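Structure first, commentary second.
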Number of protein chains: 6
Amino acid sequence: MRPDKRMTPDEIRPMTIETGTLPYAEGSVLIGMGDTRVVCAASVEERIPPFLKGTGQGWVTAEYAMLPRATLTRTGRDGRKGRVDGRATEIQRLIGRSLRAAIDLPALGERSITIDCDVMVADGGTRCAAITGGWVALALAVAKLREAGLTARDPLRMPVAAVSVGIVMGEPRLDLCYLEDSAADTDMNCVGVPDGRFIELQSTAEREPFSSEAFMTLLDLASHGLNQLFELQQQALSQPIS
Amino acid sequence: MRPDKRMTPDEIRPMTIETGTLPYAEGSVLIGMGDTRVVCAASVEERIPPFLKGTGQGWVTAEYAMLPRATLTRTGRDGRKGRVDGRATEIQRLIGRSLRAAIDLPALGERSITIDCDVMVADGGTRCAAITGGWVALALAVAKLREAGLTARDPLRMPVAAVSVGIVMGEPRLDLCYLEDSAADTDMNCVGVPDGRFIELQSTAEREPFSSEAFMTLLDLASHGLNQLFELQQQALSQPIS
Amino acid sequence: MRPDKRMTPDEIRPMTIETGTLPYAEGSVLIGMGDTRVVCAASVEERIPPFLKGTGQGWVTAEYAMLPRATLTRTGRDGRKGRVDGRATEIQRLIGRSLRAAIDLPALGERSITIDCDVMVADGGTRCAAITGGWVALALAVAKLREAGLTARDPLRMPVAAVSVGIVMGEPRLDLCYLEDSAADTDMNCVGVPDGRFIELQSTAEREPFSSEAFMTLLDLASHGLNQLFELQQQALSQPIS
Amino acid sequence: MRPDKRMTPDEIRPMTIETGTLPYAEGSVLIGMGDTRVVCAASVEERIPPFLKGTGQGWVTAEYAMLPRATLTRTGRDGRKGRVDGRATEIQRLIGRSLRAAIDLPALGERSITIDCDVMVADGGTRCAAITGGWVALALAVAKLREAGLTARDPLRMPVAAVSVGIVMGEPRLDLCYLEDSAADTDMNCVGVPDGRFIELQSTAEREPFSSEAFMTLLDLASHGLNQLFELQQQALSQPIS
Amino acid sequence: MRPDKRMTPDEIRPMTIETGTLPYAEGSVLIGMGDTRVVCAASVEERIPPFLKGTGQGWVTAEYAMLPRATLTRTGRDGRKGRVDGRATEIQRLIGRSLRAAIDLPALGERSITIDCDVMVADGGTRCAAITGGWVALALAVAKLREAGLTARDPLRMPVAAVSVGIVMGEPRLDLCYLEDSAADTDMNCVGVPDGRFIELQSTAEREPFSSEAFMTLLDLASHGLNQLFELQQQALSQPIS
Amino acid sequence: MRPDKRMTPDEIRPMTIETGTLPYAEGSVLIGMGDTRVVCAASVEERIPPFLKGTGQGWVTAEYAMLPRATLTRTGRDGRKGRVDGRATEIQRLIGRSLRAAIDLPALGERSITIDCDVMVADGGTRCAAITGGWVALALAVAKLREAGLTARDPLRMPVAAVSVGIVMGEPRLDLCYLEDSAADTDMNCVGVPDGRFIELQSTAEREPFSSEAFMTLLDLASHGLNQLFELQQQALSQPIS
């Protein structure tokens, strides 16, 4: 049995997506993966970064932070000491690249969408939850643009979701909780799309180097999990915003 | 009728306090005042600021921040530019002073409690909600210390709550929502205790100077509101943590 | 007898206002309240903050800092560590709001006046001295604008001054010096105008909560002190600039 | 033909490793991959991060920066504006994790090795060059510790090297130069060890999602390149330090 | 005639030194050179920089800043933007080196003296005034240490003073005011001691390179001025502190 | 014999100038003075600082930094802690002023040239090497502008070079290495031009004040050294860029 009571290694944690959590945002969700909770808010702004001026293209970017007490012990508030933590920087760049792939930037037009991902409770997999939930927030914001007739064609190219996999005590497991993540020999964050292809793979040997065979096993496990996440994303979008 | 449908000027908004929102914190709540939502988490740490070393006293402090999309338009993430916003600084100092008054610092012993107040939705009165909810989080954390037998006597001196009042279009009103706050001639934040006395009063003329008579009227209105808040705090504490 | 030799609790300290201290400033004073010394300089600039562009309105803001050796022991230079001290932030926001109330912003036109308040010696009441002296610097700067024919009507609405009051060893006292301020159960900073009304009241229980009666007693004491400050402001303005 | 005149897609660029470039460092190299030039310096210090105090373990970390004119147009000097660029943060974390895997941290003892990677010329693949060259600098520094008898057993576990691969105009290619990197549909940075296993894989779809088949093709190509890098590392170590 | 009414090129401006300006400092002066005004405060602290721990030596350092309205137009407050201005850094390093030379650091013992130099009015020569006045503040602070019997022998080695010289419209001039400084072809800051020797010379060609002959002429002129400054320093020290 | 094996006090260290080190820069050199190594890169940009807008003039500025392991022990990376080191600030201002003197700014037109000086190995005299090498980089960049026909007349006014001199164990010496610099009673950095005149002289008494006679001796020694540097600069420019 896994530390959070799951019975099989290829089982994802109970996932919940509540939409409309931050009512002022163009799109927002509270996503739960087991005990992990992340608020994702998509903000549409009629401005773009300087390097895109005059290109007709839009932009999608992300910011990631944790509430100080999302963790077992209190973590200093990100940014209050005049600099953003390296881990947060790395994660928000991953989220940004992943969600940018979901959008046809020329179709978006010269506007930007910022996805703010704020972790309320961190029990492993927060960056994956941020991508999976962030995509729903993004889709809601794009739907608003569409309803308002602000884009000539649909900027939403495809769903994007992410899941972590890893080898824990010799066993490949899907969707690691914090205790598993801490004990993993290898872990991988997989960002995928519904046709089975991937947007980004980041695989790290925490203890021992991993072989390409182990890598393929984990990739299969991730695909299995991603399929379920895509379904849950669609369910969330098909229901009225709470 | 008031902008958020309240019928009378001396009515507070519907208030909800959910406890246990951030399960790793020693005490935590999600407080709602109308549409305003603030997450308050109390973290106990076995260390104190340098100026208290060796005094046997403890410390209580607060940090206040808003999620970028707590507001109608996106606000840059506090601290990401290497400095904390002046408004946030002012507010977190008020929260810290107010909640410090609730605690017998020598009884707390040489440990500190940090109250993190993160605004999820800002519809006026966020600093008051942070104090009212922050006190509940603080009381929960102190109860944990008591249960663990870590303090010789009870460090909790008394309840503390806060409410805003103001004069809007000539009329004294209780618990201003954002639209009222923007239109107020004068507003006041009142931090009080159950016996009718006050911890802190901050009254500001936004348009015209105010007389001491107007001030007294607002003070009475605030007392009326505070009484209800103290009751709701006790109800929240009397129920099992969710 | 009070620690600085004053005989009665309702006596203000000797106050001096020297004008023209910083000859390049449009208006400047060196204000002394007992041993406290603050240099206040008003700078007129033909630019306004972005949120006022195109409104035809002007702006008044303040900055507050202490020389490192204004205090008994040396304090690190504000800002040299990449961040402004929280206390300074809170104080300069109070000064800014108070002096903004003295000005008819549309009459000022699209220009800004910055009041720099630099504390040379800190013996209590520095924020109040900064407001009282800052108003004189502001009035001098406005007079220069008037003489130059740069404003169609007078932007100066009314005098503004500030004084501290507090309860020290059970006794309500006016204009606390540092030793009294440190020992006060409650203190209040009152920013008022000559007709007896107030711009801002900030009352803080340092040890015990205070009642609304105690509050009213302090308010009366403050009014008594403010009346003297308004007279001294006028005297300073009626004399040639030194 | 490739933009830098290479004739085949599975050819690495000419690689040079000059040792002893920074004579004061415990280990240092100037590595060239085609036109890319990175100076890597290993500094041994008898101190460790706080979280390792008392564990008997050592630490390996990395810093990465570019000279302002390593690039076609001048880039602002990293850090001069009070914050480290997000890209640099992400890269130096990758280098640190990769080189940490090469070291038996308990065997290193309570000391730290910092690998400074400063890019002099950036023509693609700078992070991979930093890892490949950084490992040689690390090995030189460890050899010095060994000669001085400061470690009971050898802290060097295995060689580590890195290479980039990508799909450019539909063709899988090894060791991308800048022009290829900019045009790639997918690219991957592979950090490997001599037995064919991997330390870290980071694969990003720049234009289109990639399939697991494409991924495996790239992985094979990377393995082919890594084998050559391991040989060149050994050659560099076998020669006298210049 | 010179712009500030001086009749000859080798005349210094009227100099005044008021002692005891900041009563809490161990030594303090307000120095005036013409319209230039600098407050210098010496703070003795029983701590030293890490690199001197255990050497038995003391340290002298300086900080230099300008009030925002010391200048014709308002200058942003130094440090409020998270970094110290380059000019201030350069100047405070010069002041620190110059005043350090006046002190026998081993005789001072393991304590530090910080000289804070805050410019109230800047009409040229502020760094020289800061050194000349800073030395008096330093001497006063050392005298206090001597009176308290805290040093075995006198840490004060010799007087130090500074003056600017320059070539303005072809004419070598002593003690440049702001208008002369702006128009100078060459200027030099000379820090000297009473026996005619120098601590630091900084000579800069603002328009045209200067010859060693011109340099010697300026050096003589500076010596002439320094002699007068040393006398005025002694007069200031011989009078009771105001 | 001197610590680096030089036989006479008036001998400069072996100097090498390699051009074209950073191929993307408009001009670049790697300059060596004994063991000291500095990379200098000149970047031309079609923009100027705000205070020059509309004047038709150009600008020359410099940035100076050291690789962390340019020194015997590792130095924290400049700027990573949110502030630039005071020494670097002082040095880059000297380099900027010195090289600005070499350029006819109106002839340059409204563009700026930034000289980045990055010290790879620091064995004394790094600021002088940066100026001497920086001038060659600047001359190369100006030549490119001339070739491209972008300036109506030649912006290069004259060569500029710099050398250090000092009194070590009573003996005046030319071009101090690190060990001599640390032991010097007095040192001076001299920035000169070929006709024997100077751009900037900075002379500091490290232990004892120095006389004007000692100063003149050092100045002669510097002139002797500068003459050799000017020749080597011309040789470097006369050869094809490597």
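Computed from a prediction, not measured in an experiment: that's the story for all the values here. We name chains A, B, ... by the order of the sequence lines, and we start the count at 1 in each one.
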For this session: Would you mind listing every salt bridge (Lys or Arg N to Asp or Glu O under 4.0 Å) that reaches into residues 186-195 of chain C, with sequence neighbours excluded?
Result: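 Salt bridge (Lys or Arg N to Asp or Glu O under 4.0 Å) check on residues 186-195 of chain C returns C:Asp195-C:Arg197.
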
For this session: First locate atom CD of C:Glu90, then atom OH of C:Tyr64, and finally report the distance between them rounded to the nearest 0.5 Å.
Result: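 Reported value, rounded in 0.5 Å steps: 11.0 Å.
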
Toward chain C: residues of [range] with heavy atoms under 4.5 Å:
| range | answer |
| --- | --- |
| residues 154-168 of chain B | B:Arg157, B:Met158 |
| residues 198-229 of chain B | B:Phe198, B:Ile199, B:Glu200, B:Leu201, B:Gln202, B:Ser203, B:Thr204, B:Ala205, B:Arg207, B:Glu208, B:Pro209, B:Phe210, B:Ser211, B:Ser212, B:Phe215, B:Met216, B:Leu219 |
| residues 122-142 of chain B | none |

Exercise: identify the closest heavy-atom pair between [X] and [Y]:
| X | Y | answer |
| --- | --- | --- |
| B:Ile48 | B:Gly58 | CG2-CA, 4.2 Å |
| C:Gly56 | C:Glu110 | N-OE2, 2.8 Å |
| B:Leu52 | B:Thr55 | O-OG1, 2.7 Å |
| C:Pro49 | C:Trp59 | CG-CD1, 3.6 Å |
| C:Thr89 | B:Gly86 | CG2-CA, 3.3 Å |
| C:Ala42 | C:Ile113 | CB-CG2, 4.0 Å |

Problem set entry | Among the listed options B:Met188, B:Arg100, B:Arg93, B:Arg97, the residue most often paired with chain C at heavy-atom distances under 4.5 Å | B:Arg93

